[in-house]
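Let me begin by presenting the structure, written as structure tokens, before commenting on it.
Indexing begins at 1, ligand by ligand and atom by atom, following the structure's order. Since the structure is predicted, the reported quantities are computational estimates derived from the model, not experimental observations.
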Amino acid sequence: MHKKLFIPGPTEVAPEVLAKMATPMIGHRTKDASNLQREITEKLRKVMFTQNPILLSTSSGSGLMEGSIRSLTAKRAVVFSVGAFGNRWFKMAEANGIPADKHEAEPGHPTTPEIVDKYLSTGKYDVMTITHNETSTGVMNNLEEIAEVKRKYPDVLWLVDAVSSLAGAKIEVDKLGIDVCITSTQKCLALPPGMAICSITPRALEYGKNVKHRGMYLDLLELYKYIETKDHQYAFTPSLSHMFAMNYQLDRIIAEGMENRFKRHQEMAEYTRAWAKEHFALFPVEKYASVTLTTITNTKGISVANLNSELGKLGMQISNGYGDLKEKTFRIAHMGELTLNDLKEVTQAIEKILPNLK
Ligand SMILES: *Cc1c(COP(=O)(O)O)cnc(C)c1O
């Protein structure tokens, strides 16, 4: 039996989108391949509210996180972490020998504009990274707040991990002034895992030329070169299957209407948060609670593993807490294809299971 996924990726994929993965192959150096990538770019620009070039990578989202910090940091990066995925970005910098500092917020708390200001005012950094939506703690940073102080430091490049929020929450890339905005296919875009996407500003592409060792497979400048000189092709052999499915899924997303899509996510979040507060407690500070997943504190001390196996028998799956938060928290994702009715279904099932749970 298929389990309906209430986990923060991979998410449910519509059957007609899955079917597009089976499209017969084309050559990746053909006009058809250029047309496919160009169409995807135009549609992604609408979803990301940007005019910037769009890069694809046959990797999961982490690939472009590593590629961006490596290929754009010439001096020193500051990584603002609000949990596991921010910490991962810092590890990537260290593993590549990139000079970097990390500021980690208390669990459940956001990156504040004050702390961003404090670090950037030292003048030590040419790159800063922000996790928009921390999938471990369920914190969603306020990008508008951060953008406001970031404007005081126009020379610093701003990289954003929007892996678990883009296409579920509104991120106006150009208005905010984000240089590199990264996502991957298997979260709010509701596609199978296997490709990463980012927007990049022309000034970031120019700045990257100062970086001597950018690597190659995940070098953003290398990826861009093939868009510019080969009319929207990919530097290597892309996962064409994902691209066929993405091109189709982006039509579905745009047809829903971006505002409708954001509203649907907001409604699912509000419902799930209210439910969590009634039966357990919210893990993040409420003002910064994510609109794409809810991290719930296990105040009843239940076995989350057992809860999940009982849910499994009913054809549903949620997520245990991430890393150190395992069993102390659990997570219900509300992203991608899911609707308010799905959330009602899973929370009602949990309520039924709870009294008999071992
Ligand atoms: C899932 C996730 C990632 C990692 O993406 P992969 O596609 O699994 O590499 C990075 N950041 C956040 C916030 C995520 O939720």
Angle class for the Tyr119/Phe80 ring planes (parallel below 30°, perpendicular above 60°, tilted otherwise)?
perpendicular

Less than 6.0 angstrom separating the ring centers of Phe330 and Phe280, yes or no?
yes

Measure the acute angle between the ring planes of Tyr217 and Tyr234, then classify it against the limits of 30° and 60° as parallel, tilted or perpendicular.
perpendicular

Ring-face cation contact, Tyr248 with Lys20, 6.0 Å cut, 45° max:
yes

Taking Asn247 for its side chain and Phe244 for its backbone only, find out whether a donor-acceptor pair lies under 3.5 Å.
no

Residue shell around ligand 1, heavy atom under 4.0 angstrom:
Ser60, Gly61, Ser62, Met65, Phe85, Arg88, Asn133, Thr135, Asp161, Val163, Ser164, Ser184, Gln186, Lys187

Phe283 meets the ring-ring contact (aromatic ring centres under 6.0 Å, His included) criterion, sequence neighbours left out, with none

